[in-house]
Amino acid sequence: MYINSKLPNVGTTIFTVMSRLATEHQAINLGQGFPDYPMSRELTGLVAKAMNEDYNQYSPMPGWMPLREAIAEKSALLYGASLNPDTDITITPGGTYAIYTALTTILQQGDEVIVFEPAYDSYIPNIEVNGAKAVTISLVYPDYHIDWEAVKAAVTPRTKAIILNSPHNPTGSVIRERDIESLRKLVADSGLFIISDEVYEHLIFDGIPHLSMLRYPDLLERSFVCFSFGKTYHCTGWKLGYCIAPAAMTTEFRKVHQFNCFSCFTPAQVALAEFLKNKEAYLSLSAEMQERRDYFKQLMQETRFSMQESYGSYFICGTYERISDEPDKDLAIRLTKEFGVATIPVSVFYRSGKDDHVLRFCFSKKKETLEAAVEKLIRI
Ligand code: PMP
Ligand code: GLN
């Protein structure tokens, strides 16, 4: 049977490609972003308890209410947001799904969406599958800040939305107050939506505050703000997250959501509603991850990679001008096969394949894993 592909230019995601290659060559996997250490036993215990207490049937379509209430409380505490858990919060099977659903909710054929590159690899296919067009703007190398003049110049009457991601995957850059001011000016009196990917909200370092769209009522009124429990609680395999948006936008979002997955895994929602009461569990995450970043950065000084800054996420990028001038994809493959360490080549996050010779390393790993990886990387 012939399928007229909706995504003719899309292959298999780099995360699958590199993880598969890592397994094949028994390489240490600093590619795909996930921790290699155990998640909280208290939280897994709460899920087991929920299952044993028979919270095993469909939860309500927008999500388990006590969990939505806990999210509203947390959003008020951290960002001063005043949210109605009934109308503004929807639990989703992961952050990626929340972003996809938000895009599907708003996009019509021929619409344009502004995307910053390097971009998390789901954004552009999510736009294109909806018959819309991604208008890409490169973050300014090497510190990956946003060129707001370029953004202004890219806006057309067809521009429907702008996707933001802070802390940023793959670069570890974060948005600052000056970015918020520029964003405010850009969207004021416009019909532009903001899709804000904030899955790394708690992974932000050096005392920098996370500038969530939830802090700014004039931005929140046009935002779908997307989060992931996977990143916050070291359970990426759970694929559970949520989307916060004003009531009228959430109504439309739920029209799409209800006929896609309808509702999410109930026992984990019941457990998270309880676990969210423990503020320390998410507040302590920045310090924990900053320690891993610092440790990895220090270890990497022994290699010939030049590490860039990472202010957030669990990624740090490095260039390799002292090693070779080969394309980043070639080096990533060679490192995996010949040296036993998998990474992610950053050029895959540019539609054009723009190659600044940068590799992304994931440092949300046990110290022993980081040490073993660096021992191998020193040899190149
Ligand atoms: N956005 C970014 C930038 C990410 O790195 C991830 C993690 N994979 C996600 C969204 C999606 O998270 P989830 O696994 O909850 O879909
Ligand atoms: N967010 C993770 C990363 O960037 C992995 C996501 C995925 O495998 N789809 O590595």
Side-chain angles (χ1 to χ4, degrees), residues 10-23 28-36 39 63 71 90-103 115-127 139 144 163-175 194-204 210 212-213 224-244 257 260-261 264-265 268-269 272 285 289 310-317 332 336 342-350 358-365:
V10 165
T12 302
T13 165
I14 188 70
F15 305 119
T16 299
V17 170
M18 292 311 296
S19 284
R20 199 185 285 152
L21 201 66
T23 308
I28 298 172
N29 194 352
L30 302 189
Q32 193 176 26
F34 61 88
D36 70 343
M39 64 175 295
I71 291 167
T90 309
I91 309 298
T92 61
T96 313
Y97 174 103
I99 295 161
Y100 174 78
T101 305
L103 288 164
V115 177
F116 296 107
E117 288 186 319
Y120 183 57
D121 70 346
S122 70
Y123 300 159
I124 295 178
N126 283 181
I127 292 163
L139 295 171
Y144 300 103
I163 302 184
L164 294 173
N165 171 215
S166 180
H168 185 253
N169 177 8
T171 69
S173 64
V174 296
I175 56 170
I194 297 167
I195 314 273
S196 189
D197 179 347
E198 304 188 9
V199 301
Y200 298 105
E201 66 174 325
H202 296 300
L203 301 174
I204 185 158
H210 171 55
S212 173
M213 293 304 116
F224 292 94
V225 195
C226 303
F227 299 91
S228 170
F229 290 113
K231 304 293 170 182
T232 301
Y233 293 128
H234 305 326
C235 52
T236 60
W238 285 16
K239 293 301 292 187
L240 209 59
Y242 54 100
C243 179
I244 294 177
H257 164 70
N260 196 358
C261 90
C264 303
F265 186 62
Q269 293 188 66
L272 284 164
L285 195 58
M289 208 58 82
S310 168
Y311 299 105
S313 80
Y314 37 50
F315 306 114
I316 186 164
C317 289
T336 313
T343 57
I344 299 288
V346 169
S347 67
V348 302
F349 301 116
Y350 289 92
V358 181
L359 295 180
R360 187 195 81 174
F361 301 83
C362 173
F363 55 77
S364 64
K365 306 290 174 190

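In this text, all values refer to a predicted model and were calculated from it rather than measured experimentally. As the structure lists them, so they are numbered: ligands from 1, and atoms in each ligand from 1.
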Any Asn169 heavy atom less than 4.0 Å to ligand 2: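 For ligand 2, residue contact (heavy atoms, under 4.0 Å) with Asn169 is present.
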Before signing off on this row, confirm whether [X] and ligand 1 have an N or O atom pair separated by under 3.5 Å.
X      : answer
Asn165 : no
Ser228 : yes
Tyr97  : no

Trp238 vs Leu272 side-chain heavy atoms within contact, under 4.5 Å: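 Side-chain contact under 4.5 Å: yes.
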Whether Lys231 lies under 4.0 Å from ligand 1, heavy atom: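 Distance cut 4.0 Å: Lys231 passes for ligand 1.
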Region of Met18 engaging ligand 2 - heavy atom pairs below 4.0 Å: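 For Met18, no heavy atom sits under 4.0 Å from ligand 2.
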Lys239 contact mode with ligand 2 (heavy-atom cut-off under 4.0 Å):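 No part of Lys239 comes within reach of ligand 2.
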So, for [X] and [Y], which heavy atoms are closest and what is the spacing to 0.1 Å?
X      : Y      : value
Thr343 : Arg360 : CB-O, 3.5 Å
Ser313 : Gly172 : OG-CA, 3.9 Å
Tyr350 : Pro118 : OH-CD, 3.0 Å
Gly95  : Cys226 : O-CB, 4.4 Å
Leu359 : Ala332 : CD2-CB, 4.0 Å
Met39  : His234 : CB-O, 3.3 Å

Asn260/Tyr100 under side-chain hydrogen bond (donor to acceptor under 3.5 Å, both in side chains): CA gap, chis, key distance, verdict: CA-CA 11 Å; Asn260 196 358; Tyr100 174 78; 5.8 Å; no
Just need the protein heavy atom nearest to [atom], so name the residue and atom and give the distance.
atom                    : answer
atom 5 (O) of ligand 1  : Tyr200 OH, 2.6 Å
atom 5 (C) of ligand 2  : Gln32 CG, 3.9 Å
atom 11 (C) of ligand 1 : Thr96 OG1, 3.0 Å
atom 8 (N) of ligand 1  : Tyr120 OH, 2.9 Å
atom 14 (O) of ligand 1 : Lys239 NZ, 3.1 Å
atom 3 (C) of ligand 1  : Asp197 OD2, 3.2 Å
atom 7 (C) of ligand 2  : Phe15 CD1, 3.5 Å

Ring centre gap for His168 and Phe315 strictly below 6.0 Å: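 That pair fails the under 6.0 Å test.
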Ligand-side contact atoms (ligand 2) for residue partner Lys231, heavy atom cut-off under 4.0 Å: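 The atoms of ligand 2 under 4.0 Å from a heavy atom of Lys231 are 1 (N), 2 (C).
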Shortest heavy-atom approach to atom 6 (C) of ligand 2 - which of Tyr120, Tyr200, Phe34: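 Minimum heavy-atom distance to atom 6 (C) of ligand 2 goes to Tyr120.
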Proximity to ligand 1 by part of Val199, non-hydrogen separation under 4.0 Å: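 Within the 4.0 Å criterion, Val199 contacts ligand 1 through side-chain atoms alone.
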Heteroatom distance test (Phe315, ligand 2): nitrogen or oxygen, under 3.5 angstrom: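 It does not: no N or O of Phe315 is found under 3.5 Å from an N or O of ligand 2.
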Six-ring centre of Phe229, Lys239 cation under 6.0 angstrom, axis tolerance 45°: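 Cation-pi check for Lys239 and Phe229: fails.
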With atoms numbered from 1 as shown, which atoms in ligand 1 lie under 4.0 angstrom from a non-hydrogen atom of [X]?
X      : answer
Asn169 : 3 (C), 4 (C), 5 (O)
Gly94  : 15 (O), 16 (O)
Gly95  : 12 (O), 13 (P), 15 (O), 16 (O)

Parallel, tilted or perpendicular: ring planes of Phe349 versus Phe15, cut at 30 and 60 degrees: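 Judged by the thresholds at 30° and 60°, the geometry between Phe349 and Phe15 is tilted.
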Evaluation steps, side chain to side chain contact (heavy atoms under 4.5 Å, CB included), between Tyr120 and Thr96: CA-CA 10 Å; Tyr120 183 57; Thr96 313; 3.8 Å; yes
Residue pair His210, Tyr200: steps toward the ring pair (Phe, Tyr, Trp, His ring centres under 6.0 Å) verdict: CA-CA 9 Å; His210 171 55; Tyr200 298 105; over 10 Å; no
